[in-house]
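Below, all heavy atoms of this structure are taken into account, side chains as well, without hydrogens, waters or symmetry copies. We name chains A, B, ... by the order of the sequence lines, and we start the count at 1 in each one.
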Amino acid sequence: MTVRIRFFARFRELLGTDIVVDAPKNKGLSDLVKDVAGKNQEGYDAIFDEKGAFREYVILMQNGKRVETSDAPAIRVAEGDEIAVFPPVAGG
Amino acid sequence: MTVRIRFFARFRELLGTDIVVDAPKNKGLSDLVKDVAGKNQEGYDAIFDEKGAFREYVILMQNGKRVETSDAPAIRVAEGDEIAVFPPVAGG
Amino acid sequence: MITIQTEDVDIGKMITAAKQQGTGAIVVFDGIVRDDDIREMELEAYEEVALPELEKIVSEAKKTCNLLSVDIIHRIGRLAVGENILVIVVGAGHREQAYEGSRFIIEAIKAGVPIWKKEIRKDGDRWVPGEHQHGCGAGK
Amino acid sequence: MITIQTEDVDIGKMITAAKQQGTGAIVVFDGIVRDDDIREMELEAYEEVALPELEKIVSEAKKTCNLLSVDIIHRIGRLAVGENILVIVVGAGHREQAYEGSRFIIEAIKAGVPIWKKEIRKDGDRWVPGEHQHGCGAGK
């Protein structure tokens, strides 16, 4: 199934944006992000800590809705999902 | 000696503005305003109460500086003074 | 620039002119003739006192709130519904300063600058009462 | 009108357009690229989420502060020192509402709308850190 991952700001610079992934059914949200972020160590380290958990400042959205990073390992992604991963916002 | 009296807003409508008075030396500020306001009963009543004291909302200035109305009876006017008498301000 | 005038003003130009080195936030207050069953508003000022009072308020606001620029246009004369009465443009490094400065200035003007407003109403005229019973501070 | 755009905006026109029946006060916030040893600012938004977030903030502010109108332009892309980043125009019957509404909106934008800024500095680039460690509220 096809899932889009979008990184923003510093994460985008390290990992690119609008990445279309072909993921197996019932893939976990955390694992999906880990797979994609793993292609660049600096990008991976910006998002995950040494235990493989999301760093506390990381913000995660699934289809435009905020997802707590602590819930992410248990969340499954679905066909057509848009996953967004970004650092704290700084607009205005 | 010559003193200018300026009324503003409602007081101006009732009493005129920029009135040049020929006052005797050592004339009291209260008495001066009373003399001038006395030419129109409605104007007088807007500024003074039945005991002849300034109404509490009246603002008084001598040469652009605020004067407490309670001090006015004891204050003497001087040649060239500009006395301003007005109701509470409402700009902005 | 601080003026009391009958003419309207170009707020966009005031904002552009207010920008200077270090400006990160501009807050504009625009007071407008509201259509409270009125036809027009007539404004009167004791200009020789109002102008130095405005200048005093501005220099206090600049010091207290660390403002980089303040421009004020207070209009007098006859104004139609929807017209600008008062425009305050405050520039500062940061938004907290700009908001606080702007609010400080408008409250000080309302409380103490000798300017008066008369509503020209369908049912007769009415002088707008001051916000404070004593209109205190006019001669601070 | 609420937009995220690269183009600059005519704030004077925004103010004129914001006036409507009952408007007595307009407060404008203009956030500007400050010359903190930077050459330029680069702004990026997650537009598909930022726009509905802005709309949610506006409707909450309108209700809470009794606002008559809110217009927001948030710019993205490369901006030079002195350029407008964000313009918020709030109209209300009275000044208290307009100030409170304006402040509520800017704080909500800073706290939760997915937009980021990078300073293009003489000594290298730097992403501006969020004001809140958790950047919370983005998905409220």
Heavy-atom nearest pair, D:Pro52 first then D:Glu47, reads CD-O, 4.0 Å
Among residues 63-77 of chain D, residues within the sub-4.5 Å heavy-atom range of chain C, in order of number, are none
Item to complete: May I ask you to test the C:Asp123-C:Asp37 pair for a side-chain heavy-atom distance under 4.5 Å?
Response: no
If one checks every heavy atom of C:Asn84 against chain D at 4.5 Å, the contacting part turns out to be both
For C:Ala98 and C:Ala25, the nearest pair of non-hydrogen atoms, with its separation, is CB-O, 4.0 Å
In terms of side-chain geometry, is the basic nitrogen of C:Glu100 or C:Arg103 positioned less than 4.0 Å from the acidic oxygen of its partner? no
Most heavy-atom pairs under 4.5 Å with chain C, out of D:Gly82, D:Gly12, D:Gly24, D:Gly93, belong to D:Gly24
On a heavy-atom basis, the closest approach of C:Glu83 and C:Arg78 is OE2-O, 4.3 Å
If one checks every heavy atom of C:Thr16 against chain D at 4.5 Å, the contacting part turns out to be neither
### Message
Quick one, C:Lys118 and C:Glu44 - any side-chain contact, counting heavy atoms below 4.5 Å?
### Response
no
Whether D:Lys110 and D:Glu107 form a salt bridge (side-chain N of Lys/Arg under 4.0 Å from carboxylate O of Asp/Glu) is what I want to check. no
- request: Report yes if some heavy atom in the side chain of D:Thr3 is under 4.5 Å from a heavy atom in the side chain of D:Val9; otherwise report no.
  value: no
Pair count under 4.5 Å, heavy atoms only, with chain D: among C:Ile11, C:Val81, C:Ile85, C:Thr23, highest is C:Thr23
Closest heavy-atom pair, C:Glu119 versus C:Met41, reported as atoms and distance to 0.1 Å, is CG-SD, 3.8 Å
In terms of heavy-atom contacts, D:Ala61 and D:Phe104 come closest through CB-CD2, 3.6 Å
Okay, C:Ile106 and chain D: the region with an atom under 4.5 Å from a heavy atom over there is side chain
Heavy-atom nearest pair, D:Gly101 first then D:Val90, reads C-CG2, 4.4 Å
Under a 4.5 Å heavy-atom criterion, the part of residues 28-35 of chain D in contact with chain C comprises D:Val28, D:Phe29, D:Asp30, D:Gly31, D:Ile32, D:Val33, D:Arg34, D:Asp35
request  = Determine whether C:Ile88 and C:Ile109 make a side-chain contact, defined as any pair of heavy atoms from C-beta on separated by less than 4.5 Å.
outcome  = yes
